[in-house]
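Chain letters run A, B, ... following the sequence lines, proteins first, then strands; residues in each count from 1.
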Amino acid sequence: MSGTTSMKYEELYATLRRRGILWPTAEIYGGAQGLYDYGPAGARLKRQLEEAWSAWFVGLSEDFHRIDPSEILPEAVVRASGHLENFTDPEVICAKCHGHFRAETVLEKFRPEGVDGLSPAQIGELLHQFPVKCPQCGSTELSVPQPFNLMFGFPFGAAGGERAYLRPETAQSSYLAFPRMWDVGRHALPLGIAVVGRAYRNEIAPRQVLFRLRAFTQAELQVFFDPETFRPPFVSVADESLPVLRVARRLAGEEAPEWRSARSLVEDGLPEFYVFFLVHQYRFFRDVLGYPKESIRLFEKSETERAFYNRIQFDFETKLESLGGYKELGAIHYRGDYDLSRHGKGSGKDLSVVLEGGRRVLPHVLEVTFGVDRNLWALADYGLSVEGDRTVWHLPPYLAPTSVGIFPLMKKEHSAEARRWTDEIQKAGFEAEFDAGGSIGKRYARMDELGVPYCVTLDRDTLAAETPERRTATLRDRDSKAQERVTLSELLNRLASSRVAPRPPTLDSFE
RNA sequence: GCGGUUGUGGUCUAGUGGUUAGGACGGUAGCUUCCCAAGCUACCUACCCGGGUUCGAAUCCCGGCAACCGCACCA
């Protein structure tokens, strides 16, 4: 359609607020940085998105399971995971080469007693006081990252002597669950543990609504596997083309991805299992969420950019008009055995497992992450478009917070029957919204803006039918505006099939 | 966290010390209308919060909160 435009950031956010998708937490008190509440439509959309993610990733194998662990973790956990280290090991960062170094190391010549207990500001002063140089590039432009720790910590227990933390990432919960999950499962690898839930970080500068939150929802799948035997069915994905931006190409100054076959990435040296999951996540973005494939980029992180325990890391980025560039919406990290090894040491428990045949291994972890809030924003960014005088949210029907709008053409004459249809549709398990306000065109417009894929209008012909079963109404499609007559049972069938998202073959079907 | 800019109904906004704080869109109710934001009538909703200056503050000053832009940060 001509005259179609996407929305700018402020306009997009205003639309989401106006339609009750989301708004600032504690709005009547002026809001709070980095905290947002989802309204009825937003909460439903978020739930649909989470379920779609689960169906796609957890549905990959019968040995992949979703759990619902605690959001509060005892201190021992975050100490073992390394999240607490920054408390006692503040880092300095080189502005030139972006290297990270422990403040203690950089300052040891000038301050042998160490830096324990010093504030970031005090360490910053020391950096000025002494001729401190970057150990990597020799630059003197060193700065202190702050605050030290982005975790929310608090006293735990009645005596208050212990401390606990809101989890800074959901992944830790899955690592902790591994031994129990191994016991209750069928003692085989790979074993997948998924968590969809909130994580909390006391971000220095929350920005851009859903992109840097202090409380945010992650969907993460941790795949525990035996590095010697893990062989997902790579041939089934080998011909897929992926828009990748590898490190070497980036260093040459390129920002655009190049299309590479999965096979060629393996020939480059990436493990088959890793590329298999790259394809799987890419297809989720493209086929389930419907992001335009030209806007997706699989951005490889270099050794200095990624966390040291990540052996391979690609961020899934998409180009968002509303935010003026590529934004990270997910990632895949090959973490080796770092996590189980850390928690093994921290807890004093042996977290290795004995496989069929008697071989003992400490499983490796492949982490597939997905930012639920960010992707909700991306769905709005790609889907919401202004077309002439109407605004349409082209949401995939299986993600839409409301499946169908039900209207009486004439409020007085047709409301009773429209209410009856609404009840029947809701009883069948679909989200249906009755609307008799304003003119018929206004109701269509309201539903379009909320991404409701179908509207049904009941009129005098509906009531003219001889039996209730033969009553038909106008079914109108959001994207094409095309109309057709359907009976209630035809409508229910249509809704049922519209709720089905694309599904891939499972790992098990290849066994 | 630092610097700059900003803060008026749900949304967009008019209003530079005295206004019944105006409009548009929106919402609600009624009338009308047999299919895409039509029309008519009525109604609804606002000066971010707290201090100060002043006879009088949406308007000037200070503080807070929040948003936007830039920098930094994002383990």
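- Distance from the side chain of A:Ile204 is smallest to B:C73 among B:C35, B:C36, B:C73.
- To the nearest angstrom, C1' of B:C69 lies 18 Å from CZ of A:Phe211.
- Taking the six-membered ring for Trp, A:Phe299 and A:Tyr326 have ring centres at least 6.0 Å apart.
- Closest approach of A:Tyr334 to A:Val365, counting heavy atoms only: CD1-O, 3.5 Å.
- Distance, A:Lys8 NZ to B:C12 P: 17 Å, rounded to whole Å.
- The distance from atom OH of A:Tyr13 to atom P of B:A67 is 8 Å, rounded to the nearest whole Å.
- For A:Phe407 and A:His414, the ring centers are positioned 6.0 Å apart or more.
- With both ends at atom C1', the span from B:G15 to B:A66 equals 23 Å, rounded to whole Å.
- Closest-nucleotide positions on RNA chain B for A:Tyr29 and A:Phe308 were compared, and the one nearer the 5' end corresponds to A:Tyr29.
- In this structure B:U6 sits in a base pair with B:A66, meeting the Watson-Crick or G-U test at under 3.5 Å.
- For A:Arg201 against B:C74, a side-chain-to-base donor-acceptor contact under 3.5 Å is absent.
- Nucleic acid contact for A:Pro168: base, since at least one base atom lies under 4.0 Å from a heavy atom of the residue.
- The residue A:Thr391 sits close to a base: some heavy atom pair falls under 4.0 Å.
- With both pairing distances under 3.5 Å, B:C55 is matched to B:G18 as a Watson-Crick or G-U wobble pair.
- For the C1' atoms, the distance linking B:C65 with B:U32 amounts to 48 Å, nearest Å.
- Nucleotides B:C62 and B:U53 place their P atoms 15 Å apart, quoted to the nearest Å.
- Counting only N and O atoms by type, the side chains of A:Tyr9 and A:Gln208 include no donor and acceptor under 3.5 Å apart.
- The distance from atom CG of A:Leu463 to atom C1' of B:C34 is 12 Å, rounded to the nearest whole Å.
- Once rounded to the nearest 0.5 Å, the distance linking CG of A:Asn310 with OH of A:Tyr338 reads 10.0 Å.
- Between A:Arg18 atom CZ and B:C25 atom C1' the separation is 9 Å, expressed in whole Å.
- Counting only distance, with no hydrogens or angles, the side chain of A:Arg167 and the backbone of A:Leu73 share no donor-acceptor pair below 3.5 Å.
- Phosphate contact (OP1/OP2 of B:G26, side-chain N/O of A:Lys442, threshold under 4.0 Å): present.
- Of the P atoms belonging to B:U11 and B:C68, the separation is 15 Å, rounded to the nearest Å.
- If you look at A:Phe370 and A:Phe57, their ring centroids are not closer than 6.0 Å.
- Distances from the side chain of A:Ala205 to the nucleotides B:C35, B:A72, B:G10 place B:A72 closest.
- The side chain of A:Thr457 has B:C35 as its nearest neighbour among B:U11, B:C35, B:A75.
- Minimum atom distance to the side chain of A:Tyr444 is reached by B:C36, of the listed B:C68, B:A66, B:C36.
- No hydrogens or angles were tested; on distance alone, a donor-acceptor pair under 3.5 Å links the side chain of A:Arg212 to the base of B:C73.
- Judged by atom type and distance alone, A:Arg446 does not reach the base of B:G26 through any side-chain donor-acceptor pair under 3.5 Å.
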What N/O pairs connect the protein and nucleotides 29-33 of chain B at under 3.5 Å? Give each pair on its own line.
residue	atom	partner	partner atom	Å
B:G30	OP2	A:Lys411	NZ	3.0
B:C31	OP1	A:Lys412	NZ	3.0

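- Here B:C68 is the nucleotide among B:C68, B:C35, B:G10 with the atom lying nearest to any side-chain atom of A:Tyr9.
- Rounded to a whole angstrom, the distance from the C1' atom of B:G26 to that of B:A37 is 11 Å.
- On the C1' atoms, B:U13 is 13 Å away from B:G7, given to the nearest whole Å.
- The CZ atom of A:Arg17 sits 11 Å away from the C1' atom of B:C12 (whole-angstrom rounding).
- For A:Gln483 against B:C35, a side-chain N or O and a base N or O form a donor-acceptor pair under 3.5 Å.
- Here A:Ala307 lies in heavy-atom contact (under 4.0 Å) with sugar-phosphate atoms only.
- What you find for A:Asp381 and A:Leu12 is that their closest heavy atoms are CA-CD2, 3.8 Å.
- With B:C36, B:C12, B:G1 as the candidates, the nucleotide lying closest to the side chain of A:Arg207 is B:G1.
- In this structure, the CE atom of A:Met151 is 15 Å from the P atom of B:C74, given to the nearest Å.
- Residues A:Tyr165 and A:Tyr200 form no side-chain contact, since every pair of their non-hydrogen atoms from C-beta on lies 4.5 Å or further apart.
- No contact: A:Arg214 has no heavy atom under 4.0 Å from any strand.
- Taking atom P on both nucleotides, B:A57 is separated from B:G1 by 33 Å, rounded to a whole Å.
- Atoms CD (A:Glu203) and C1' (B:C74) sit 5 Å apart, rounded to a whole Å.
- Taking the nucleotide of RNA chain B with the nearest heavy atom to each of A:Glu10 and A:Asp389, the more 5' of the two is matched to A:Asp389.
- For A:Glu328 and A:Lys301, the salt-bridge test fails: no basic side-chain N is under 4.0 Å from an acidic carboxylate O.
- Spacing between B:U8 and B:A67 at atom C1', rounded to whole Å, works out to 15 Å.
- With both pairing distances under 3.5 Å, B:U28 is matched to B:A42 as a Watson-Crick or G-U wobble pair.
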